[in-house]
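FYI, side chains are in, hydrogens and waters are out, and symmetry mates aren't considered; it's all heavy atoms of this structure. Lettering follows sequence order; numbering is per chain, from 1.
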Protein chains: 6
Amino acid sequence: MARDDGRSPDQLRPVTITRNWLAHAEGSVLVEFGGTKVLCAASVQDSVPRWRRGSGLGWITAEYAMLPRATNTRSDRESVRGKIGGRTHEISRLIGRSLRACVDYKVLGENSIVLDCDVLQADGGTRTAAITGAYVALADAIAWMRKRKMCNGDPLVDSVAAVSVGIVGSTPLLDLCYTEDVAAETDMNVVMTGSGEFVEVQGTAEGVPFDRSTLDALLDLAGAGCAELTLRQREALS
Amino acid sequence: MARDDGRSPDQLRPVTITRNWLAHAEGSVLVEFGGTKVLCAASVQDSVPRWRRGSGLGWITAEYAMLPRATNTRSDRESVRGKIGGRTHEISRLIGRSLRACVDYKVLGENSIVLDCDVLQADGGTRTAAITGAYVALADAIAWMRKRKMCNGDPLVDSVAAVSVGIVGSTPLLDLCYTEDVAAETDMNVVMTGSGEFVEVQGTAEGVPFDRSTLDALLDLAGAGCAELTLRQREALS
Amino acid sequence: MARDDGRSPDQLRPVTITRNWLAHAEGSVLVEFGGTKVLCAASVQDSVPRWRRGSGLGWITAEYAMLPRATNTRSDRESVRGKIGGRTHEISRLIGRSLRACVDYKVLGENSIVLDCDVLQADGGTRTAAITGAYVALADAIAWMRKRKMCNGDPLVDSVAAVSVGIVGSTPLLDLCYTEDVAAETDMNVVMTGSGEFVEVQGTAEGVPFDRSTLDALLDLAGAGCAELTLRQREALS
Amino acid sequence: MARDDGRSPDQLRPVTITRNWLAHAEGSVLVEFGGTKVLCAASVQDSVPRWRRGSGLGWITAEYAMLPRATNTRSDRESVRGKIGGRTHEISRLIGRSLRACVDYKVLGENSIVLDCDVLQADGGTRTAAITGAYVALADAIAWMRKRKMCNGDPLVDSVAAVSVGIVGSTPLLDLCYTEDVAAETDMNVVMTGSGEFVEVQGTAEGVPFDRSTLDALLDLAGAGCAELTLRQREALS
Amino acid sequence: MARDDGRSPDQLRPVTITRNWLAHAEGSVLVEFGGTKVLCAASVQDSVPRWRRGSGLGWITAEYAMLPRATNTRSDRESVRGKIGGRTHEISRLIGRSLRACVDYKVLGENSIVLDCDVLQADGGTRTAAITGAYVALADAIAWMRKRKMCNGDPLVDSVAAVSVGIVGSTPLLDLCYTEDVAAETDMNVVMTGSGEFVEVQGTAEGVPFDRSTLDALLDLAGAGCAELTLRQREALS
Amino acid sequence: MARDDGRSPDQLRPVTITRNWLAHAEGSVLVEFGGTKVLCAASVQDSVPRWRRGSGLGWITAEYAMLPRATNTRSDRESVRGKIGGRTHEISRLIGRSLRACVDYKVLGENSIVLDCDVLQADGGTRTAAITGAYVALADAIAWMRKRKMCNGDPLVDSVAAVSVGIVGSTPLLDLCYTEDVAAETDMNVVMTGSGEFVEVQGTAEGVPFDRSTLDALLDLAGAGCAELTLRQREALS
C-alpha cells in the first residue's frame, strides 16, 4: 500500500531536531516530524514544588499547548476560554510522565525542570514529536546545570523517544500524519527508552476493537520507530 | 506471593453490580470492586450535541468525579477550585471512548446518553470499575429507550469491561487495590469487549521501564480478568 | 387532606440513618428522608483556617452538592460549569451555621471538621436531611477525636436537627416531598436543637405572603418534627 | 439600655430615600439607613430569560454587590477573584425573591426588570436597605413602563420593605448598625408587604439558640419597623 | 461650532470634586465631569506586594470598574461573567501608572495605596475623571498617613490630572461627552502633571488616521484643560 | 552615545519578515526585530460576530500572547492561570485597532480576519513587531480572499507599521531592545500608516514626566522608523 507521501508503512517522516532555537531557555529544540513542528523549551528552576521540599529530590513537569492556527481550522485559545481542555491536560501529563522515566531525582537534587511543548504547526503525532524533542531539550538543560554544578553527576539514566502507530485500511503504519490519523481504525502512542523498554503504551480502538496479533504488530513497528528516533536524538546531541 | 487480602495474583476482588440504585436515572448501577464503590447513572437525552445535529447519529459521553471523602485524605471539590483537574479529564475521556466502542450510532439515532460515574469510595481501580458498571447502566438505559421505540433495533454491538493489572515486587497482579497500586512498578488499565478484543490499552512505567515479556504477561492477566467481569455483567443483566 | 404518599399532615417520611457508610471518613452517614438520600461525611483536620490560627478555637464548615442525576432531569456539574451556583452556596452556608450552633470551639481545640453533604437522590428536603444526617456524622467524628485525645472533654453542647414545613392548599404540612415543595405557597426550613430551641428559621412566601398565624402554625409543626428527628438521631447513635 | 447612637431599642436609624439618583436607569434610588448607603438601579428589558419565553409572564431579578471600600477594611473585588462569594449569592437571591412577591407577572407581560443594588457604604443592614430602596426603584421603573404602555394595568400588587432585628445583651433591637450586628446573639432579617404580611423571615442564632418567645418579640419589633419603612416609601413616591 | 451643551470647543464641563464622600476610606472623592460621576476611594495598607518586600519602597495601584447601570444600556457585571474585560484592565493600568508618576516611593516607605475608581454614572471621559479625582483621594490618604507618621516627609512630588480631547467634524474639542466621543474621528487621553509635563499620551485614530498638526492641536487643547483641572484640584484640597 | 549592540540612536534592529511560515493559515509571517520573534497568523472566516451580522461589513480582531519561555524567566501560562492578564488584553486590543485602521469594511464584506500574534522570543518591542508583521500576514490573507472572489475589490486602503521609541539617559532612541526598554525614562509606541499619518500614539513616562520638546523628538524618530518599516513590508510583499 502506498502512503500519500510515498512512504513505506514502516518509514518515519523526515525528522529534524534543531537545538538552541531559543535564546533564553536552558534547553530548547524545534522538532519536526514532517509537517508537525513543536517548539520544546526546558526551564531550570532551583526549587521544587511545595509537596516535595526537603526531600532532596528533584521534579520534572511538562505543559503542552497548540497555537490557535497550528491546525487547518483556527481553534480558540484556552486562555481566552478560561480553562484547559481535556486533551491538553492528558497530553501534558503524558509528556511529564514520559520524561520523568529517564531521570534520577536524587542526582537531580532539589531542582525542577519544566518542559514547555508548544505546537506551532500540527500534522499528526504532535505528542510523540513533543516527547522526542523535549528529551533533547531536557538533555541540554541538564548539561547546562552540570556546568554550573547544580547536580552531582548525571541525572539522565536513559533517553526517551515516542512514536505513533496505527492500522489504516488493515495495514499497520508507522508515524501517522494527520490524514492517516483520522482514517485509522486503531491508534497507538508508544514511548520507549533508548535501551528499548516501554515507558508508556496507549492504544485506542477508533471504531473497531483490535485483537492481540494487531497489538503485537503495532508494538513491533513502534519499537523499530523509537529505535530510529533514539539515533536521531543521539546525532542531534553529539 | 500472598496479597494483603489473601487473593491469588490472578484473582479479582469481590465484584458487586447493583442495578437500579437510583430512582430517576434511565439506567443506574452501584458497582463495587472490593472497597471501590462507583455510582454509575445513565441519562438519556433525545438530542445530540450541536456539531452532530442532522447526522442521524447518536452520541455517548461520560463524566467521572470523586466525592471529596472517597479517599483516605479529603480532597478539595473541583467545583470549589473552579476547574477540573487533569486526572478527572483523562478518566472521563477514557470512559466515554470505551463505551462508544460498543454502540452503533446509527441504530441509536439522534439521541445522547451521558454516563455519570461518581466515586463514592476509592480503593484502587476506580476507572475500571466505572467502565464495567457504566456498561450495565448503559444497557439498562438502552433497554428503556427500546421500550419507548426511541431506536430501531439494538444499538449495543458488544459489551465492554475493564480491569487494572500491574507488576508489584516482580509479580504480575490482577485488579490492584490502592496499596498495591501505589507499590506497582508498572500499571496498566485494559478495556476489552465481551468478545475478547481490545478497546483500550494504557500501560505506564511507574519508576522502572518494562520489557515486552512483562507487557505480554500483563495483557494475559487482563484478558482473563475482563472475561470474568463480562460474565458478572451478564449475570447482573439477566 | 390526604397526601400523595398517604401520610397525615404532621407525619415525617420514613427516616433512615445509616452510620459508617464510608470506610475512610472519621464519621459518615447515609441519611434518607423518604426518597431523599444524602451521604454525609465528616473529615477531621488537626488545623484551622489561617484567620483562626493561634486562637485556641476550632472550626466547623460544610459543603453541599448534588450529583448530576440526583434529580429527575440531569443537571450540569458545577465543576464543569467552573463555578458554584447560588443555591449550593446558600445551602452549604446554612448547614455550616447550623452545626456550629452545637459545638463548643474551645473544647474542640484548634481542629477543624468539614461536613460534606452530597445528595445522591433528591425528593425534597435535601438541606434538612443533610443537617440531620451531618449531625450524626459529626458526633461520630467527635467520638473518634475523643478516643485519640484530640479534645479536652466533649465539644458537643447539644444536638441539631432540621425539617421543612409548608402550606399546600391552605394546609400546613410537615416534611415536604418534591411535588409538595413545588406546590407550596409558603415554604419554611427550621433548624432546632435537641433541647427545642431555634438555630435557624427560614420562611419564604412562594407567591402569596403569609400572616403571623400561619407562621405560628408552621413553627408548631416544625417543632414537633424536629423533636421526632432528634429521637431518631439518638437511636442511631446509641 | 442606651444604644451607641442614642436610639431607643425600637427606633429606626434616619432613613433617606433619594429618587432618580442616576440619569440613565428607568428607576434609581440612593437609600440610606444611617451610615449604610445603597444605590438601587432598576433596568427594564423588553424580553425575558429563555426558559420563560412564550409564557406571557414577566420576570424580576436582583444583583447585590459591595464596592471594595464600602467597609472599614478594603475587600477584594469579586470580578478580580473571578467568582461571586456565597454571601453575595445569598443576598442577591433574597432581594430577587422579595421583590417578586409584590409583582403580578401576567400584568407585567413578557418584560424583565433587573434590580442592581450596589452598596457604596456599609454600616449593617445592607440587605434590608437594599430591599427597601429597590422597591421604590422598581415602582419608578414600572411607572416608566406604564407611561410607554408596556404593561396592561399595574403589575404592583403591594409594596415590600425589610428590616433587621436582633438580640444584643438580652435586649431586642430594631435596625442593627454594624457594631450591634457583630455583638448580636440572634440576628433576623424580615421582609414584609405594605399590608403587613410576611414575605421572608430569616432568623439565625449567632452563638446561642433562641426560644419561641424571643422569636415572637423579634417578629413584633420587625413588624413595627417594616410598617414605618412602608410609610417612608409612600412619602418618597408621592 | 456650537456643542450640544453650548460649550465652546476649549471649555471643560462643570467639574465638581467632593472630598470625604465615604466614611471608612483614608481618602475618598466623588468627582463629576458633567454627567460623569466617579467614586474614588484610597485605601492605605501598611505592607507592599510580595515582590517589593524588603525594598524600603512603597506601591500604588488602581482598580477601575463601572456599575452595571452607569451606562444607557445595562451591562453584565464582570464578577458574574467571572472575568475582567480588556477595557477594564487597560484603564485600571492607566490610572495606576498615572498616579505612580507623582509619588516618591522611598518617602512613602513600605506602604501601599489602592485607588478604587468606580463609575457610578458614565457620560464620556470616565478614565480622565477617575485620574483627576483619584489624585485628590490620594493626597488625602497621604495626609492621613503623615498625621500618623507613616512616612518621612511628603511622598507627593507633583499633582496629576487628565482630560480627553478629540476631533469631531474637523474641530478639536476639549473634554468630550459620550455623544461627542462616539462621533470623534480621533480620540486622545492626556495625563499631565501640575507642572505641565506629560505623564501619558494616548491618541487613537477612530476611522481616519491623523497628521502631526492635528496631534499638535490636540496636545495644546489638552495642556490648557489639564492646567485648569490642576487648579480645581488645588481649590478642592485647600 | 553608543548602544549595546552598536546601533546609532535612530537605527532599527535587523528586521526580517518571513512570509508563509505556516502551512495552514491564509496568511502567516515570522517577523523578527533583532532578538524579538513573533509568529503572526491571519485566519479568514466567512462570517462576522453576532453584533455585526446583516450589516454588510467585515471585521478584524487580534490576539496577542507570549510563549512561557519567550522571556528570560519562565512565566506561567494564562491558560493555566485561567485568565488573561491586563498587559495581554491591552496589547491584543492595540493590534486589532491598528490593523482595522487600514481596512475598508464594506469592501471586505461580511468576512472576519483574526490575527494571532504569538511571541516566540521576546527582546523588547514585541507589540510593534507584532503589528508590523501582522500587516503583512493580513495582506496575504486578503490576497487569498481576492483570489477566491470573497471581496469586491481591495479592502486594504493603506499599510500599517509600528515602532517603539524612548528616552534612555536623555537620548531619544529608536526601536528599543529589552535592556533599553527597562532603562527608558519615557517609552512610546507609535503606529503609523504607509502614507505617514498616525494611527496610535501611546507615550508613557516611566519615572520622569516628559515635556513637549521630548515628545516632538520622539515623534520625529518614530516617523522615520515607521517609514523604513513600511519599505521592508513592501519589499517582503513584492
Side chain, backbone, both or neither of [X] within contact of chain C (heavy atoms, under 4.5 Å):
X      : result
D:I84  : backbone
D:D158 : neither
D:R212 : both

Between [X] and chain D, which part of the residue has a heavy atom less than 4.5 Å away: side chain, backbone, both or neither?
X      : value
C:N189 : neither
C:R87  : both
C:D220 : both

Within residues 63-82 of chain C, contacts to chain D at heavy-atom distances under 4.5 Å involve none
Listed by number, the residues in residues 192-202 of chain C that come under 4.5 Å of chain D (heavy atom to heavy atom) are C:T193, C:E197, C:F198, C:V199, C:E200, C:V201, C:Q202
Heaviest contributor of heavy-atom pairs below 4.5 Å to chain C, chosen from D:T88, D:T186, D:L219, is D:L219
- Task: Please determine, among D:S98, D:G85, D:S92, D:G223, the option with the most heavy-atom pairs under 4.5 Å with chain C.
- Result: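 Most pairs with chain C among the choices: D:G85.
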> When you look at OH of D:Y105, are more than 12 heavy atoms from neighbouring residues, nucleotides or ligands closer to it than 6.0 Å?
Replying inline: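 Correct, the count exceeds 12.
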Could you give the distance from NZ (C:K83) to NE2 (D:H89), rounded to the nearest 0.5 Å?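 Separation between the atoms: 7.0 Å.
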Given C:P209, C:C102, C:A101, the one with more heavy-atom pairs under 4.5 angstrom with chain D than any other is C:P209
